[in-house]
Structures are given as C-alpha cells and as structure tokens.
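To find a chain, count down the sequence lines: A is the first, B the second, and so on, and within it residues start at 1. Just so we're clear, the structure is a prediction, and the values are computed from it rather than from any experiment.
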Amino acid sequence: MLQTSYIRENRDRVIERLAVRGINAAEMIDKVIALDEKRRATQTELDSTLGEANQMAREIGDLYKQGKAQEANAAKEKAGELKQKSGALQEEMAETQNALNELLYHLPNLPHESVPTGKSDTDNEVVSEHGSKPDFGFEPLPHWELVKKYNLIDFELGAKITGAGFPVYIGKGAQLQRALINFFLNEAREAGYTEFIPPFVVNAASGFGTGQLPDKEGQMYHMQLDDLYMIPTAEVPLTNIFRDVILNENELPQKLTAYSPCFRREAGSYGKDVKGLNRLHQFDKVEIVQVVDPEKSYEVLDTMVAHAAGLLDKLGLHYRVLRLCGGDLGFTSALTYDFEVWSGGQDRWLEVSSVSNFETFQANRLKLRYRKGNEKPQLAHTLNGSALALPRIVAALLENYQTENGIAIPEVLHKYTGFESISLND
RNA sequence: GGAGAGAUGGCAGAGUGGUCGAUUGCGGUGGUCUUGAAAACCAUUGAGGGUUAAACCUCCGGGGGUUCGAAUCCCUCUCUCUCCGCCA
C-alpha cells in the first residue's frame, strides 16, 4: 500500500510512475488527495471536540467531589451535546477513511526507475542469458511423455483423487522432488538464510499483509468454514512473521527461507500452457525472504538474483533473466526479475523464479518498521524470491537431460537423490 | 467437544468507573562516581495522529454497548492457560 503522505507530497511523480504500468491514475490520485485532506480536517475537528468533552468530564467529576450536584447536572447537558457532535464526526471520519482505503488498496506499487514501460510479457527486457540449448541428436520428448514413459508422475491419478493440476509423484519422481527441495534449502542456508517451516494456511490478515487480499482474492483457496486461506507461496507466512513488528537497526537484515507446497486456483488459465507440469494448482517451492534497510534493498535484490542464478548454474540449465516491464509487474512489486529455463522438449522458456523488491509497499500494510538509533520507527523494505519453484525445474531437467533410453541426473543432485539416472529398468 | 481462568507498555506485574497513557520491578539509553569496569545513585525510556514547537487527540487482545466520564461495568469475537473427554 502506498503511503498517503507520499502521494500528497509527490502527486506528479506517482502519476508518472503508475503510467509505466499503463495506468492513468491522475483522477484516482486526486481523489485520494482530496479524501486525505478531508480526513485530516475531520480529524482535527474531532480532536478538538473530544478535547472539550474530556475537559468537561473532568470538571463534572470535580463538581461532584465538591458536592455541587446541581451545577454538575447542568454541565452534563452540555457534555451530552459535545458527545453527539463527536459521534457524528467519528462517523464521518470512518466513512472518509473507508473510502480512502478502498482507493489505496487498489493502487499498485510504483515501478522502480529501471522498469521498462510496456503492456505485456513481450515487452520484458532480457537482461542476460546463460548456457546454451541442449543438442539431442534425436527427437526429444516433452516432460509429460517422459514422466509417463518412466513412471515418475501420474496426472490422471491426481485428477481422480483431487482434480486437474494436482499431480501424483511416484518413485524416483517423488525422490527427485524431495532431493531438489533439500538441495535448495541447503543452498539457502549456506547463503545465510534461516530455515522455517511456517503454517501452510493463513488468516485473512496475513493475506492482506502481503497484498494477496483484496487484490487477488479469487486466486487463493479459501476455507470458508474457518475463514482461512491456503498459501499461494511461503512468502505469505514468512513475511507476516513481521506484521506489527518494530525491529532494531542491528536486527537487519532478516533472511529467511522455507519450503512449502503452494496452492493456486489459477482461475482463468487454460490452453496449452497448462499441460503437464507447466501450470498446477499445487506445487512445491523454496522461497527466500529478506527484510532490509531501505538504503540497501537494491543491493540485496542483486544478491538474491545472484542466488537464484547460482542454483540454475549448478543444475546446468540453460536460462535467461528478465526485467519485467510495467505491464507485467506484480501488484505489490517495484522491481522484479524473472528467471526462465529452456525447455528442450517443448522448445520454449518456462518461468521458474521471480525475485522482487517491494520497497515499503508490503511493510506499510504489515506495519513492519525498524528503528535507527533514537529516531522514530520507519518502514523497512521487504524482498522475496523463488529459489526455486520445482515443477518447471523438474520439467526442464527431465527434458534437457533426457537420452534415448533414460534421463541423467545433474551431478550436484546425486548426493540428494541417491541415484544418478532414471531408466526403464527402474 | 465440555467446565473454568485469563489477555495491561520490550518483559514481569499492579490497577474494578473520575487528572491512568497507566504504580512498581527488570531490561534499554544517558549521566554521576571510577584508572577502567561492576555496584550504587540520578535522569530518561510505548505507538500513531497533530503542531515551527507546544497544546491537544487516539490506542490497556479485536469489535460493539452503558455513562458527562471506562483499563475498570455489559455484550460479542479471537487467542492463551488449567481440568475432563476424544485423538495423531
């Protein structure tokens, strides 16, 4: 959530930045400023009315003590009037505040200076490309055929048990999954992140804190009986650890990591992109999160990008890094780098990681602050990234490491899998 | 699921209608003393809004109510603890 004080003082810049997302926000911003002004004026009036009422109440107390009941009763009448007035003002305040919040909740974060203007993913900027496309010397299979051939994942079985998008991992397919999770977690730990196992279900306040609510309500599974949401990413419980927290300067940076299954309704998705592991309702992911000093957040973003890149390097995958354009940038993000791996069996790029700096956008909703020396607490910056999301990594590994009668496992995973290849004889 | 108790400032813990934003202790910060440190002593120490600065306003788990006035009374929700039942 953007800060009203910032909007008030930087009207033109806010409008100009939001234009990078393709949003013409001038009208909305002016409305915000007007409502904010009204809110503050009402607040001032309410404050002085309450002040008078408090004063009056004290005087009545004194009068009673002095035994002047008659005068006290007269004063009570006037106090009643003040009460009525403050009640009306309070109502007006609440209305104004609600109207203001409604607007603020739907304003996305301001894109960073380096974010390219653009409408869709075709306008994203390719920052770098690493490795090269595999040369098979035969016709490579897409992963959904490989997993069938080697009995690694059963999509139909998952559909029977639950529904489409809930695959069942079997044998070496399941082991590979677990190996990747351990590999990613260990790498994160070595990079200084503390491992957590958070709840995989969160309340509405947490969904709101990281910005999934109210903007993306329809994308989360909602358990109505208990009013809880299944997490779409570990970012939600991890970042909400810091909701309503004031950290000391020396407690920064906070570096956390967690594995979690992720649940997404993916309402509105269809077509060939959803085939196999490309898009699922339940998938596994290791997430890294940092809470940092605002002055260092872009430096930190670079280190997180380097971390994700290092994982892909070690897995020997061909990948590229993209800087998302304004139109493709997530609601809460100021700057996002996406990682895409090459899928040799599908002949296309697959997104496997997204690393973002949210600046104060989440912190403002979370009331996540830190204190520098004796200064007033100020909002911290939050960042997070996938390191990494499993299904598309698995898809790329299977496809790119396939041979005519088996699949090789990258060496770095051997100690985690306990096997070095997958073949028909397994 | 049943019965009961509780939720107060970083922590512990007073406070049952009238200067209570809140006694006190611990912790933190600054100072005195000391060669230095400890101890002792003194001062200071929640958040948000507001103001040039003050004044002033809001917040004692969340929400609502009673009252001129509520941390204190009432209703409700959430959470914690104890006992019983059930169960991994």
Side-chain angles (χ1 to χ4, degrees), chain A residues 1-9 32-101 104 197-209 213-214 222-229 237 240-252 254 291 360-380:
Chain A
M1 189 159 70
L2 298 175
Q3 294 166 267
T4 41
S5 56
Y6 185 86
I7 295 175
R8 195 195 312 148
E9 286 156 26
V32 167
I33 292 172
L35 279 169
D36 177 50
E37 206 135 309
K38 188 181 173 202
R39 201 214 86 230
R40 288 186 300 140
T42 312
Q43 174 91 69
T44 306
E45 201 185 345
L46 174 63
D47 281 359
S48 64
T49 307
L50 286 173
E52 272 183 73
N54 287 344
Q55 177 62 29
M56 197 59 110
R58 274 191 289 264
E59 281 170 23
I60 291 171
D62 287 340
L63 288 172
Y64 271 121
K65 270 186 199 158
Q66 293 162 25
K68 299 178 180 166
Q70 207 171 356
E71 287 177 46
N73 283 329
K76 269 195 197 181
E77 228 168 279
K78 197 176 165 206
E81 284 169 28
L82 284 173
K83 194 192 172 186
Q84 210 162 21
K85 186 179 171 192
S86 71
L89 284 168
Q90 233 144 21
E91 214 166 291
E92 198 179 327
M93 264 288 286
E95 270 172 36
T96 312
Q97 187 71 64
N98 286 342
L100 181 58
N101 286 344
L104 289 173
I197 301 180
F200 299 151
V201 168
V202 296
N203 55 33
S206 291
F208 179 81
L213 295 174
H222 183 203
M223 296 185 262
Q224 290 178 314
L225 202 54
D226 296 292
D227 195 22
L228 295 171
Y229 296 84
N240 272 282
I241 288 173
F242 300 100
R243 175 149 47 86
D244 294 317
V245 165
I246 300 177
L247 294 162
N248 282 321
E249 187 182 15
N250 60 19
E251 291 177 294
L252 298 178
Q254 290 282 327
V291 179
T360 59
F361 195 86
Q362 288 182 331
N364 191 30
R365 290 193 175 202
L366 292 162
K367 292 203 182 72
L368 162 50
R369 292 165 293 176
Y370 77 104
R371 195 194 313 270
K372 232 181 205 165
N374 281 334
E375 290 173 28
K376 279 204 158 195
Q378 60 172 304
L379 297 174

Would you find a donor on one side and an acceptor on the other, under 3.5 Å apart, between the side chain of A/D36 and the backbone of A/T4? no
Which residue, A/N364, A/I7, A/L35, forms the side-chain contact (heavy atoms from CB on, under 4.5 Å) with A/L104? A/I7
Chi angles and distances behind the side chain to side chain contact (heavy atoms under 4.5 Å, CB included) call for A/R369, A/K376: CA-CA 10 Å; A/R369 292 165 293 176; A/K376 279 204 158 195; over 6 Å; no
Quickly work out the A/E52 CD to B/A55 C1' distance and round it to whole Å. 14 Å
For the P atoms, the ones on B/G2 and on B/A71, what distance do you get once it is rounded to whole angstrom? 33 Å
For B/A12, what is the paired nucleotide under Watson-Crick or G-U wobble rules, both distances under 3.5 Å? B/U24
Between B/G9 and B/U72, how far apart are the two P atoms, rounded to whole Å? 14 Å
Rounded distance in Å between the C1' positions of B/G13 and B/G6: 14 Å
Can you check the distance between B/G69 and B/G21, where both ends of the measurement are the P atom (answer in whole Å)? 15 Å
Using both distances under 3.5 Å as the test, list the Watson-Crick or G-U wobble partner of B/A53, or none. none
Hey, are the side chains of A/L368 and A/V291 touching, using non-hydrogen atoms and a 4.5 Å cut-off? yes
Quick one: A/E249 CD to B/U29 P, roughly how many Å, whole number? 14 Å
Report the base-pairing partner of B/A43 (Watson-Crick or G-U wobble, both distances below 3.5 angstrom), or none. B/U29
Using atom C1' in both nucleotides, what's the gap between B/G63 and B/C59 to the nearest angstrom? 14 Å
Under the side chain to side chain contact (heavy atoms under 4.5 Å, CB included) criterion, do A/Q378 and A/Y370 qualify, and how do the steps go? CA-CA 6 Å; A/Q378 60 172 304; A/Y370 77 104; 3.3 Å; yes
For B/U80, give the paired nucleotide (Watson-Crick: N1-N3 plus N6-O4 or O6-N4; G-U: N1-O2 and O6-N3; both under 3.5 Å), or none. B/A5
Taking pairing as Watson-Crick or G-U wobble with both contacts under 3.5 Å, can you name the mate of B/C86, or confirm there isn't one? none
Just how far, in rounded Å, is C1' of B/C77 from CG of A/D227? 12 Å
Need the pair for B/G18. Rule: Watson-Crick or G-U wobble, both distances under 3.5 Å, any strand; none if unpaired. B/C68
What distance, rounded to whole Å, do you find between the two P atoms, one in B/G25 and one in B/A43? 11 Å
Restricting to nitrogen or oxygen on both sides, can you table the protein-nucleotides 60-70 of chain B pairs closer than 3.5 Å?
none

Side chains of A/N73 and A/E77 only: does a donor on one sit below 3.5 Å from an acceptor on the other? no
Smallest heavy-atom separation, A/L228 atom then A/N203 atom, equals CD2-CA, 3.7 Å
Could you walk me through whether A/E45 and A/K85 pass side chain to side chain contact (heavy atoms under 4.5 Å, CB included), step by step? CA-CA 10 Å; A/E45 201 185 345; A/K85 186 179 171 192; 4.0 Å; yes
Between B/G50 and B/U58, how far is it from one P atom to the other, in whole Å? 15 Å
In whole Å, measure the gap between the P atoms of B/U32 and B/A37 for me. 11 Å
Between A/L247 and A/F242, does a side chain to side chain contact (heavy atoms under 4.5 Å, CB included) hold up when you go through it step by step? CA-CA 9 Å; A/L247 294 162; A/F242 300 100; 4.2 Å; yes
A/R365 and A/L213 have their tightest heavy-atom pair at NH1-O, 2.9 Å
What is the separation between atom CG on A/L89 and atom C1' on B/C57, rounded to the nearest whole Å? 13 Å
Close N or O pairs between protein and nucleotides 46-52 of chain B (under 3.5 Å):
from, atom 1, to, atom 2, distance (Å)
B/A47, OP1, A/R371, NH1, 2.7
B/A47, O3', A/R369, NH1, 3.2
B/G48, OP1, A/R369, NH1, 3.2
B/G49, N2, A/D47, OD2, 3.4

What does B/A38 pair with, Watson-Crick or G-U, if both distances are under 3.5 Å? none
